[in-house]
Every structure is written in C-alpha cells, then in structure tokens.
Amino acid sequence: MSNTVTISVRGPVAVLAMDRPPVNSLGYDLRVGIADALDEANANPAVQAIVLTGTARAFSAGADVTEFGTPKGAKEPNLRVVITMLEDNPKPVIGAIAGQCLGGGLELALGCHFRVAAPDAQLGLPEVKIGLLPGAGGTQRLPRLIGLEAALNMIVGGAPVAAAKFAGSPLVDRVIEGDLIDGAVAFANEVLEKKLPARRARDLKVKDPQGEAFLQFARNTVGAMSKNFPAPMKCLEAVAASYGKTFEQGVAVEREGFLSLMASPESRAMRHAFTAERAAAKIPGIPEGTALRDIKKVGVIGAGTMGGGITMNFLNAGIPVVLLEMKQEALDKGLGIIRRNYENTMKKGKLKPEQVEERLAAVTGTLSYDDFADVDLVIEAVFENMDVKQTVFQTLDKVCKPGAILASNTSYLNIDKIAGFTQRPADVLGLHFFSPANVMRLLEVVRGAKTAPDVLATSMAIAKKIKKIAVVSGVCDGFIGNRMLARYGAAAQGLLNAGALPQQIDGALQKFGMAMGPFRMGDLAGLDIGWATRKRKAAEAGVPLKPSVADMLAEAGRFGQKTGAGYYRYEAGKRDPIPDPVTEKMIDEYRAANGITPRKISDDEVVQRCMFALVNEGARILDEGIAARASDIDVVYLNGYGYPLHRGGPMLYADMVGLPNVVRALRRFAAEPGADASWQPAPLLVKLAEDGKNFN
Ligand code: NAD
C-alpha cells in the first residue's frame, strides 16, 4: 500500500489526508493511495462519511508533469478513474481544501459530493497555460456547479480564484475560517444528521436561458484573442458541450479536445517553456541548499536607460538602492524618469500614491562612492567601454565591504577581464538585464571563471525576488542571447543584400511569430549604436570599415525611429514603419557596388535562414558549455527576444523541424559561393542529427 494518504477516524467520519510533497501532485503513487484509502474507509463499518483533504500548502496542485508521457503517467488507476470512484462512492465524500487546488487537483475535488475550503484556498484550472484543457471532467463538472460564464472564465483564463469568492455556491458549500479539518468533520456530521443526499456534479444540469447567445459571444471573443493558440477555443468547445448535452457526450468532446491538444506542437512548446523555466533555476555543480549572502541594500552605478530600470526592480521588491552618477544633472534626470514611470503606473491605477512615495523614498541618489561602503550588491550600468568599467571596478574594490557582490550589466564585454580589475574576482559576475529593465523578465547571470558558487546562488535567489527569470551563461562575446542575435542579424542582412526588402524579411518573421522583425527592431533600438561599434572595431583592428546597408543608412543620418527614418520612415509622433523608396535605392546601390544580382527570395527561405542561424549558434554555445542546457537557450529567447511561445524557443523549434533537416539546409547555405563560414553546421548539431537525437 502506498503511504501517500493517511487515514484517521473521528467518530463516524474518516479523514483521508493526502501527503505527497511538495504539493500533492497526482502521480501514480498518490492515485493508488487515494483508491486504497477509499476502499479501507468503505470497508470500515464504523465509518459513515469521508473527508478527503491535503496539506495546508495544497489540496493538490494537479497532475505530476514529470510523469507526462511516461508509463507511470498512464498506469491505472488514472485520474479520471479515481474521480469517478469518489463520485460513485457509497458513503458521502467531502473535499476539504486549503492552499493550491489546481488543475487535476480541482478536478479531483469536483468528484467529491461536497466541498469545504479555507477562504484563501486557490481554486483554478490553469491547463490552458500549457496549451491543454482540463482533461479529467473539469470542463463538464465545473459549469454544472457554477454556471457557464464563471466556468468559462476560469477554464479559458486559467487564473486561480480564492475559495471565498464561491462561498455558498455548490462549488464551495462552506468556507471554514478556523481549523479546516475540524470544520470539515463538523460539516460531514451535518450531512449525516440531515441525511443530505450525495450531490454528484455530473447529475446536475447547466441552466442558462441565455446559454446559446453567451456561447456565441464567447466564441467570437476567444477566437479573436487566441491567434496561434488552439487551446482556448478547444476549452470553450468543451465547456459548451456541458450545455444541452449529457455528461457522457460532454466528456467525449473534452477527451477528443484533450488528445488533439496533447498532440499539438503549440502545447508541446508551452509545456517545454514551463519546464524549461524551472530547469533554468538549477545550476549544475551548485547544490540547492548553498548558503546565501544577505542582500539588504543595493548600489547601482549609472542612472541611464538601464540603471534606472534596474533600480526600480529592487525598489519594487522593497530593497533600498543607492544610485550613483557622475554629475548631478544626470542623476536628477535619472531619478526624474524613475518618478515619472511610477506616476504613470499610478495613473493606470496599478499603484497607490503612498506606494509611489514609499518606493521613491527607498532610493538615494549620490555622486560619491563613499555611500557604497555598506551595500551588499552593486550593479554597474555605465557606458559600454572597458576603460570606464576598469575605473569603476577598481574603485568598487576599494570602497565596498568584503563579501559585497560586484556585478556588471555589460552586454558584450568580458566578465573575467572585469573581475581581474579587482582583488576579489570570486565576488564578481555579470547581471545582464534587458531593456526596459523594469519590464523585461529575462536576466542573464554571467558566471565568470572565478565567480564563487554562493555568489551565483545568491544572484539566482535575488533574481527570483525581483521577479526575473534567470538563466546562467558562461563568458563569451554577447553571452547566450546577443551572441546568437548577431548571427540572426547577419542572416537577415544577407537576405537583404541578396534580394529581399526589410518589409518582406520583417513580415515573414513576424508571420512566423516573432514579436518584431530585425529591421523594425534595429530602427527601434537605433542604428547609430551598431554603426559606432563597427567603426570602433574596424579602427581597433586597423582596417577600413567595409560598408553595409546599415552603415549607409547611418551615414545618411537615418538612425531609426529617433530620427524619423532608418530602414523605414516614420510619420511624426508615430511608430508605424512605412516602407521607404529611399532605403530601397540605397540597397540597390549597395548591390550594384558589390556585383550582386538580386534574386527572388521566398518567405520560407527567410524563416529558415534566420531561424537556423540562431539554432546553429545555439548549438555552438551548448557545445562550449556557455549554456548548460538547450532549454536554457529557449528560455533566453522566449523571455528576452520576443520569440513566439507557441514555437517553444529556437532549440525546440529545431527539434520539431527535425535536426537532420536543419543540418541539410545549413549545408546547402554553406555550399553557396561566397557563403560565410558560420553557415557550416555546428559539430554538436551534426552529431545529434546523426545519432537520431534532439536538443531537448
Ligand atoms: P546609458 O548611456 O543610457 O546610461 C549610462 C549612464 O552611465 C549615463 O547616465 C552616464 O552618465 C553614466 N555613467 C557613465 N560613466 C559613469 C561613471 N564612471 N560613473 C557613474 N556613472 C557613469 O547606457 P545604457 O543603455 O543604460 O547602458 C548601460 C550598460 O548597460 C552598458 O554596459 C550596456 O551595454 C548595458 N546594456 C544596455 C542595454 C540597452 O538596451 N540599452 C541592454 C542591456 C545591457
């Protein structure tokens, strides 16, 4: 017998308590545990009613995702069988819910005849967020208990709702303020005394005089909102089948929808993204219980684009910040932007005036490093220039207390070199935020050769505290994200040179699902930045700059949105890119000067070249150990680069296309006359393809 469920008998009531840490996920051993405990309670003549409960943390948080697709996951009794056992049980069953009651966990509770709950218990069916629908009767039982509209909102929206909101409805018969088990046992005794008939959700009818009209309205709304994602519509159709159909017919629609979603690439991508995010938090070689350093106060250097946003992250988490600038004017400007950002949030009703003041009170501006003597973590966000970084880190080494973590927000520069400017390289690492830093959820944590394990572990913990998704990267030019982006940009530039226009390339990639094509992105970020870098690199190498279309645009003063024109032109005050004949003429000139006869390029080729360029560089990054896992690369692209969630990230996309197909295409690109050497397929990619393996 499984020891996942304990039984205690209180008078005529048996309390079955599920305890499968951490959150009672419904793995095989718990399913067996529930079935066995029910049998035992039914066999005990002294027992007349049963309470099924979990722990304070969770009634059950749902299916065990680690069992998905494994023999254990399919092993009987499956969840639907266990729920039917509850519903058919000869003795009344009362669900007693505290903490999380999500997905399969809520479906389990819906199988009980009655439910009582702590007021703050979280009830939800979040399957839609991983591209699925509740597949164990949830789409049929929930509307029978709370009606079409409320059920649809929960199932299509996926957000949990506090139990107190359902007080007195057949979903939560009683909210229990005090001890949950005492309350549940008292409720069970009432059921026995009053001889209340067992209420089986499946026997109820969904009554709604406006049902058809409501469903039609919902179809229009959900259809318009769920482009690229089949799950919301399947959820809707399953819920719709609870109306005017028998329970069995409804369950058949739910089953069909569930199986088709389970096999869909979109759900595979979303489940991958879900598990990838959790996997990224684990750092190879660093045990989970590593003692952390205390971060009570943070220093930020540079109040520019990045420094301001970085500061806000900590203020939002209640951690005070000292913000340092070179000149009072720059400091005032930076602090002013922070204030304005908060005030805008307040105007949208998302912050109260006193919260704005509280946050602003927690930031201190300074021009003096003396104020850094007691900070626990410093993040440098000054100009992207090694000499400037050198001065800053040498100063930090002198003024910061021992044990303070010294971080750089550099986008490309070598963290080991920066660490070498100090006498404490073990305390140095990269914390690479993305712009706008107070909004973007990705954080690349750059591990230097000498970075101490507890510095890394502390950085991961602090990332979680400021609600970032952290991914560890090794040291290389551009780390995971920007290093790959360079190849993607070069592929797009190559297509432009060969015959495509910016609007075609951007259009094809946006149709693929990218939030923004590379040329629109360039115009947004400013074409002057890359131009300056290329000029500097050419000068450093002592060679003349080999002009590109990007340089020609910049030379003509077309820096993008900020100058009203770049690859596209922009009308005053607007951000919509308008294709521009001036750009086309420049591209023609470039082609003529370089002896290129433009050819017709298909949208498929645009997508293949840009995506496979990402994949190929990703494979090199993986092979070099810069990323610990392919899924880490996907997390970076999904959260920092507008990669479409329904594709699961570049590495999963490659798996879905089939690695041998990717290799074949890369070989074709590499074999073209004058092709860049970077098109040669990465050895790791070739090996995986030959071995019939995947990245993930
Ligand atoms: P920015 O020019 O907007 O801001 C830099 C600020 O640093 C300026 O306000 C400047 O006055 C201040 N500063 C310069 N030298 C200083 C010094 N010695 N002491 C104190 N303050 C000093 O630049 P940014 O875009 O915020 O970039 C900062 C860093 O973040 C760079 O390393 C950059 O590569 C990196 N980064 C930028 C982005 C982005 O999208 N802008 C994204 C990720 C990382």
Side-chain angles (χ1 to χ4, degrees), residues 299-313 321-338 341 363-372 375 378-400 406-415 417-418 421 428-446 468 470-471 473 475 477-486 489 516 521-530 532-533 536-537 559-562 636 639-642:
V300 174
I301 313 177
T305 310
M306 296 306 289
I310 293 170
T311 298
M312 289 175 71
N313 285 306
V321 178
V322 185
L323 179 58
L324 183 139
E325 259 290 348
M326 288 185 296
K327 295 210 174 84
Q328 189 64 42
E329 201 187 335
L331 184 59
D332 291 343
K333 188 174 165 210
L335 288 169
I337 293 173
I338 294 177
N341 276 336
V363 55
T364 318
T366 184
L367 302 176
S368 161
Y369 277 92
D370 292 346
D371 292 321
F372 274 18
V375 296
V378 180
I379 302 172
E380 161 279 306
V382 303
F383 301 136
E384 184 77 338
N385 175 306
M386 200 50 117
D387 295 339
V388 184
K389 309 267 187 203
Q390 176 166 8
T391 317
V392 167
F393 276 82
Q394 282 170 343
T395 314
L396 288 175
D397 198 22
K398 287 193 200 106
V399 302
C400 290
L406 311 181
S408 171
N409 180 49
T410 179
S411 308
Y412 292 94
L413 300 176
N414 187 318
I415 293 292
K417 200 163 170 197
I418 292 175
F421 299 141
V428 178
L429 84 171
L431 290 178
H432 182 216
F433 290 78
F434 288 71
S435 182
N438 54 320
V439 176
M440 296 290 287
R441 291 194 67 211
L442 181 66
L443 178 68
E444 276 183 327
V445 174
V446 187
K468 298 288 172 196
V471 176
S473 170
V475 175
D477 194 30
F479 318 121
I480 297 172
N482 283 342
R483 174 170 156 185
M484 286 168 65
L485 190 71
M516 205 183 269
M521 190 55 130
D523 275 3
L524 178 67
L527 303 181
D528 49 329
I529 300 173
T533 310
R536 178 170 53 79
K537 284 194 172 162
F559 292 167
Q561 282 192 22
K562 60 183 161 191
V636 166
N639 296 289
Y641 294 85

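What you are looking at is a predicted structure, and each value in this text was computed from that prediction instead of being measured. Note that ligands are numbered from 1 as they come in the structure, with each ligand's atoms numbered from 1 the same way.
For the pairing with Lys562, the side chain to side chain contact (heavy atoms under 4.5 Å, CB included) check across Leu524, Asp528, Asp523, Leu527 returns one residue only, Asp528.
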Could you check ligand 1 for N or O atoms lying under 3.5 Å from protein N or O atoms and list the pairs with distances?
{"from": "ligand 1", "atom 1": "3 (O)", "to": "Thr305", "atom 2": "N", "distance (Å)": "3.0"}
{"from": "ligand 1", "atom 1": "3 (O)", "to": "Thr305", "atom 2": "OG1", "distance (Å)": "2.9"}
{"from": "ligand 1", "atom 1": "9 (O)", "to": "Glu325", "atom 2": "OE2", "distance (Å)": "2.5"}
{"from": "ligand 1", "atom 1": "11 (O)", "to": "Glu325", "atom 2": "OE1", "distance (Å)": "2.8"}
{"from": "ligand 1", "atom 1": "11 (O)", "to": "Glu325", "atom 2": "OE2", "distance (Å)": "3.2"}
{"from": "ligand 1", "atom 1": "26 (O)", "to": "Thr305", "atom 2": "N", "distance (Å)": "3.4"}
{"from": "ligand 1", "atom 1": "26 (O)", "to": "Met306", "atom 2": "N", "distance (Å)": "2.8"}
{"from": "ligand 1", "atom 1": "30 (O)", "to": "Asn409", "atom 2": "ND2", "distance (Å)": "2.9"}
{"from": "ligand 1", "atom 1": "32 (O)", "to": "Val382", "atom 2": "O", "distance (Å)": "3.3"}
{"from": "ligand 1", "atom 1": "32 (O)", "to": "Glu384", "atom 2": "OE1", "distance (Å)": "2.6"}
{"from": "ligand 1", "atom 1": "32 (O)", "to": "Lys389", "atom 2": "NZ", "distance (Å)": "2.7"}
{"from": "ligand 1", "atom 1": "34 (O)", "to": "Glu384", "atom 2": "OE1", "distance (Å)": "2.9"}
{"from": "ligand 1", "atom 1": "34 (O)", "to": "Ser411", "atom 2": "OG", "distance (Å)": "2.8"}
{"from": "ligand 1", "atom 1": "36 (N)", "to": "Ser411", "atom 2": "OG", "distance (Å)": "3.1"}

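Within the 3.5 Å criterion, the main-chain N or O of Ala303 finds a donor-acceptor partner in the side chain of Glu325. At least one donor-acceptor pair under 3.5 Å links the side chain of Asn409 to the backbone N or O of Phe433. Asn313 places a side-chain N or O within donor-acceptor distance of the main-chain N or O of Ala437, the cut-off being under 3.5 Å.
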Do any side-chain atoms of residues 384-396 form donor-acceptor pairs under 3.5 angstrom with protein atoms, and if so which ones, sequence neighbours left out?
{"from": "Glu384", "atom 1": "OE1", "to": "Thr410", "atom 2": "OG1", "distance (Å)": "3.0"}
{"from": "Glu384", "atom 1": "OE2", "to": "Thr410", "atom 2": "OG1", "distance (Å)": "3.0"}
{"from": "Glu384", "atom 1": "OE2", "to": "Ser411", "atom 2": "N", "distance (Å)": "3.1"}
{"from": "Glu384", "atom 1": "OE2", "to": "Tyr412", "atom 2": "N", "distance (Å)": "3.0"}
{"from": "Asn385", "atom 1": "OD1", "to": "Asp387", "atom 2": "N", "distance (Å)": "2.8"}
{"from": "Asn385", "atom 1": "OD1", "to": "Val388", "atom 2": "N", "distance (Å)": "3.3"}
{"from": "Lys389", "atom 1": "NZ", "to": "Glu380", "atom 2": "OE2", "distance (Å)": "2.6"}
{"from": "Lys389", "atom 1": "NZ", "to": "Val382", "atom 2": "O", "distance (Å)": "3.3"}
{"from": "Lys389", "atom 1": "NZ", "to": "Phe383", "atom 2": "O", "distance (Å)": "3.4"}
{"from": "Thr391", "atom 1": "OG1", "to": "Asp387", "atom 2": "O", "distance (Å)": "3.0"}
{"from": "Thr395", "atom 1": "OG1", "to": "Thr391", "atom 2": "O", "distance (Å)": "2.6"}

Derivation of the side-chain contact (heavy atoms from CB on, under 4.5 Å) call for Asp371 and Thr364: CA-CA 9 Å; Asp371 292 321; Thr364 318; 6.0 Å; no
